[in-house]
Amino acid sequence: MSIIVRNLCKSFDDKNVLVQFCANIPLRQTTAVMGASGIGKTTLANILLGFEKADGGEIIGLPDKKSAVFQEDRLSENFSALANVQAVCKTKQAKANAAELLCELGLQNDIKTKVSSLSGGMRRRVSLARALCAEYDFLVLDEPFKGLDEATKALAMRTVKQHTSGKTVLLITHEKETADALADHIIDFNKEDTHNG
Amino acid sequence: MRNSTDKTKNTILNIAAILLALFLWQAASLWIKSDVLIASPVQVIGHLFHLLQTPTFLTTVLWSAVRIVGGFFIALAVAVFLSALAGRFPVLEIFFRPFLLTVKSVPVASFIVISLIWLSGNKLSIFISFLMALPILYNNLLQGYKSTDKKMIECADLFAFSPFKRFLLVRLPAVKPFLFSGCSTGLGLAWKAGVAAEVIGIPSGSIGEMLYYAKLYFDSADLFAWTLVIVIVSVCIEKLFLLLLKAIFAGLERAL
């Protein structure tokens, strides 16, 4: 069972970003999308998340409940780390898990801190915790470990691996070692011919 | 350390500016030598203390404040409603535009005179304050609504935020600075227009009535003292309201 992406096309002004792009994203597994900057990885993610409309092609079997870590953190600055994560929780249990997840990601001392006072790496982890806390059947992680130091990145990767096992995940990264560590499959945009069909 | 030095420097400069203005005022009154044309600051402050001791002072100020601030609050409620509608349905913004443009560009005196035909003096200041504050509040709120980060809206859509969470986490942060600036300007304008309406409508027991009689009897000291009362009360109400608004938002931000 897979999410099937067939002949996807997308262009911005005169620039073709995806031309007749095809891929299979197996369900309940982690698929990494790799490639150089500007090659269309985030465009693909945006189409899958429903933020952009494709100019052509089709996507079959895409689950309704989605979650994501975006390229930007997209957090509410005036609210605490916990409030930002709990905002996506639908149940009391999920709300309780939110605090635990922040602790797992090494933010135990900053749970009640306003996001505006957090460092870039801390914000990234709050964003990660939020995506993992939401109810989802399909998770997109767009450069989720951007701005993290090596030790924190290792911790965050362990947490992601633990919380996403058996779930459908699309990991967008340009780092081979991140893809190797987390993904079951790799779609390499550098090798795929995304521009010629 | 530097901030505190800057603050002290600013306070000293502000006090110096006020003292200079008072000195120039006193000098002008000594030069003109006519209490009718210009009352001196000493006379005005003396008269103000006399006013404070009169039994009707507090009720007069309160009565005017209730009507003017009431008009402002009605404008705020209507502006919130209309700006949310115009933000959600852009076509409505086009339909609202001629009405708000008319209110913005027609002189307040024309509105006062026209409204006097329909309304009693008591209701006039409420209506005029409402009318003058409405376009400012509406425009500010709509600008705030439009300035909402699209990426945050996508985020709210993805995580299926409830309307309350969407308002709190996405809309409010964008609208807040515009709301503060709109309320600050709108309240000031509501006071100016509201008192002008009272001077023309002369509702009994209002600040406008006091100004009207001061003008009638050429009592400059009384006129200046009441003007000073208006400035002090409007500034105090504005500061208090903005503090209250800040406290409400801080409470809402803690509510999650």
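Not measured: the values here are computed from a predicted model. Every chain is numbered from 1, with letters handed out A, B, ... down the list of sequences.
Atom CG of A:Asp180 has more than 12 heavy atoms from other residues, nucleotides or ligands within 6.0 Å.
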Next on the checklist: Would A:Phe70 and B:Leu158 count as a side chain to side chain contact (heavy atoms under 4.5 Å, CB included) here? Give the steps.
Outcome noted: CA-CA 11 Å; A:Phe70 308 96; B:Leu158 182 79; 3.7 Å; yes

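The nearest pair of heavy atoms linking B:Met152 to A:Ser76 is CE-OG, 3.6 Å. Scanning both residues, A:Val88 and B:Phe161, for their nearest heavy atoms gives CG1-CE2, 3.8 Å.
With respect to chain B, the highest number of heavy-atom pairs below 4.5 Å among A:Ser80, A:Ala83, A:Ser67, A:Gly50 belongs to A:Ser67. Between chain B and the options A:Lys95, A:Glu72, A:Glu135, A:Lys112, the largest number of non-hydrogen pairs under 4.5 Å is found for A:Glu72.
With a 4.5 angstrom heavy-atom cutoff, A:Lys90 touches chain B only via side-chain atoms. Looking at B:Leu172, neither its backbone nor its side chain comes within 4.5 Å of chain A, counting heavy atoms on both sides. With a threshold of 4.5 angstrom between heavy atoms, B:Leu252 approaches chain A through N, CA, C or O but not through any side-chain atom. Looking at B:Lys165, only its side chain comes within 4.5 Å of chain A, counting heavy atoms on both sides. With a 4.5 angstrom heavy-atom cutoff, A:Ala134 touches chain B only via side-chain atoms. Interface remark: B:Ala250 contributes no atoms to any contact with chain A (heavy atom separation under 4.5 Å). Neither the backbone nor the side chain of A:Cys133 has a heavy atom closer than 4.5 Å to any heavy atom of chain B. When heavy atoms are compared at a cutoff of 4.5 Å, A:Leu82 does not approach chain B at all.
Counting heavy atoms from C-beta on, the side chains of A:Arg130 and B:Phe159 come closer than 4.5 Å.
Here CG of B:Asp157 is found 11.5 Å from CG of A:Leu49. Values are rounded to the nearest 0.5 Å. Of the inter-residue distances, the one linking A:Gln71 atom CD with B:Lys151 atom NZ reads 8.0 Å to the nearest 0.5 angstrom.
The side chain to side chain donor-acceptor pair (under 3.5 Å) contacts involving residues 247-256 of chain B comprise B:Lys176-B:Glu253, where partners must be two or more places apart or lie in separate chains.
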